[in-house]
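Quick notes on the structure that follows.
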Amino acid sequence: MKKLLRDKKDLVILLLGILFLIKIPQGGIRFVFWVLSGVLIAAGCDILIKRFFLHQELVLKSAIISGFIVSGILDYHQPWFILLIFSLLAILSKHIIRFKGRHIFNPANVGLLAASLFGIPLTWNIGSRIYITIAVGIYIAYSIRKLPHILGFLIFFIGLFVSQGINPFSLISWFFIFIMLIEPKTSGFGKLRGFIFGSIAGIASFVIYRFSPQYDFFIGSLFVANLFNPLLERIKK
Amino acid sequence: MLNRKDALTVTVLLSISFIVLPQSYGSQMQEHGVEAESTHGEGAGICPVMHKEASKEYSYAYKGKTYYFCCPACIGEFKKNPDKYISRIKEINLEAFQFGFSPDKITVKKGDIVKLDATSRDVTHGLYIKEYGINVRLKKGETKKIEFVADKTGEFDILCSIYCGRKHHDMKAKLIVEE
């Protein structure tokens, strides 16, 4: 248990696993195979790339998380090839789109962004239980020092939506905030940098909702915030 | 300041986002096999006789309503027995809201022409019926006309394709097409 709590990726996998299990009675057998296949595809692709192309150590936790997120958010009634394509794309993006030797885009988000561009509905099935997500999410965010990201996001998200007379809490996705927004490698560290990163995502989510509401504003906002990573890297605080 | 390499990278990434994304928005909302436009649109819908795309050139008024056809021959055919064709047109007002659709069940017969007047009560929603290739954005205060021929039997999920809040995943209705 101590070991589990030490590596927060294990905790994220555990949380995703619990969210997945809770959804099974409603999602049914197709949902089970859909999510498990997504995880297997993402992990399998990561193994192949690391083993045969990069000759790196096999650490699959990130790929498992990406697989859970992509398959848990994509509509599971879609054809299987949809899952295959976008899970592969998520992992490939991690190894292909790099800046100074590191990936700057959240891999799962890239896969989901591409899916939504092709008109595949994102049903966010895995994010259906908000209380457990918030409870575990706050602990994870605090442990990996990502609270400034969340604070920045919430201030702008809530402020801008309230200014337009829209209840932000009826739209907010806690799954997005606590699982996707604070992904360690692509959201950066530091209080100021984290706050700015979250602020960009918060503003972008409002702008996308307001001017391009057909597009998933959470996925879009994270992509926009990730775009700023090369600039934000200069902030050392 | 950014060095040249950083600036190039950021420029390329921003270009991708601003060029590719808006173009894709258009394709995302492309409907297949249906007529979908706002209430003030110019489309004539589906010909009630041949089930092909109708034209505003060929119209016929019957009991205070105007029907559009794909060709003059269809007008003649329609005139012989208008009620036979009108009975196969199902007009339904569908309202999307957080987090459901009203009505939550639409039952039609195979071969019916389904005309949905779809609106949103609160935030922006998406109306998505995978099997009929329908994916339409519903903004609050806007009415979209969606028209299709119910040519596949079965029970089909009507889903919201645009994230609309924490119970977005629960937002469902059923389209039942009976033999």
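Chain A is the first sequence line, chain B the second, and so forth, proteins listed ahead of strands; every chain is numbered from 1.
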Discussion item. What I want to find out is whether Asp157(B) reaches Lys130(B) closely enough, with some N-O distance under 4.0 Å, to be called a salt bridge.
Written reply: no
Worksheet item: Salt bridge or not for Lys115(B) and Glu91(B), using N-O below 4.0 Å?
Response: no
Item to complete: Measure Tyr128(B) against the heavy atoms of chain A and call it side chain, backbone, both or neither at under 4.5 Å.
Response: side chain
Discussion item. Can you tell me which portion of Asp122(B) sits under 4.5 Å from chain A's heavy atoms? Options are side chain, backbone, both or neither.
Written reply: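 It is neither, since no heavy atom gets under 4.5 Å.
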Practice prompt. Answer with yes or no whether the side chains of Glu57(B) and Tyr68(B) bring together a donor and an acceptor at under 3.5 Å.
Written response: no
Worksheet item: For Ser161(B) and Asn135(B), does a side-chain donor sit closer than 3.5 Å to a side-chain acceptor?
Response: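 Note: Ser161(B) and Asn135(B) side chains meet the donor-acceptor criterion.
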Item to complete: Under 4.5 Å, counting heavy-atom pairs only, tell me which of Gln78(A), Lys23(A), Gln26(A) racks up the most with chain B.
Response: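 The answer is Gln78(A).
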Worksheet item: So which of Asn125(A), Asp75(A), Ile130(A), Leu171(A) has the largest heavy-atom pair count under 4.5 angstrom toward chain B?
Response: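 Of Asn125(A), Asp75(A), Ile130(A), Leu171(A), Leu171(A) has the most heavy-atom pairs under 4.5 Å with chain B.
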Fill in: Per-residue contact mode, Phe218(A) against chain B (heavy atom under 4.5 angstrom)
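Contact with chain B: side chain only.
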Worksheet item: Taking side chain as C-beta onward, heavy atoms only, is Arg193(A) less than 4.5 Å from Asn229(A)?
Response: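 Counting from C-beta outward, Arg193(A) and Asn229(A) do come under 4.5 Å.
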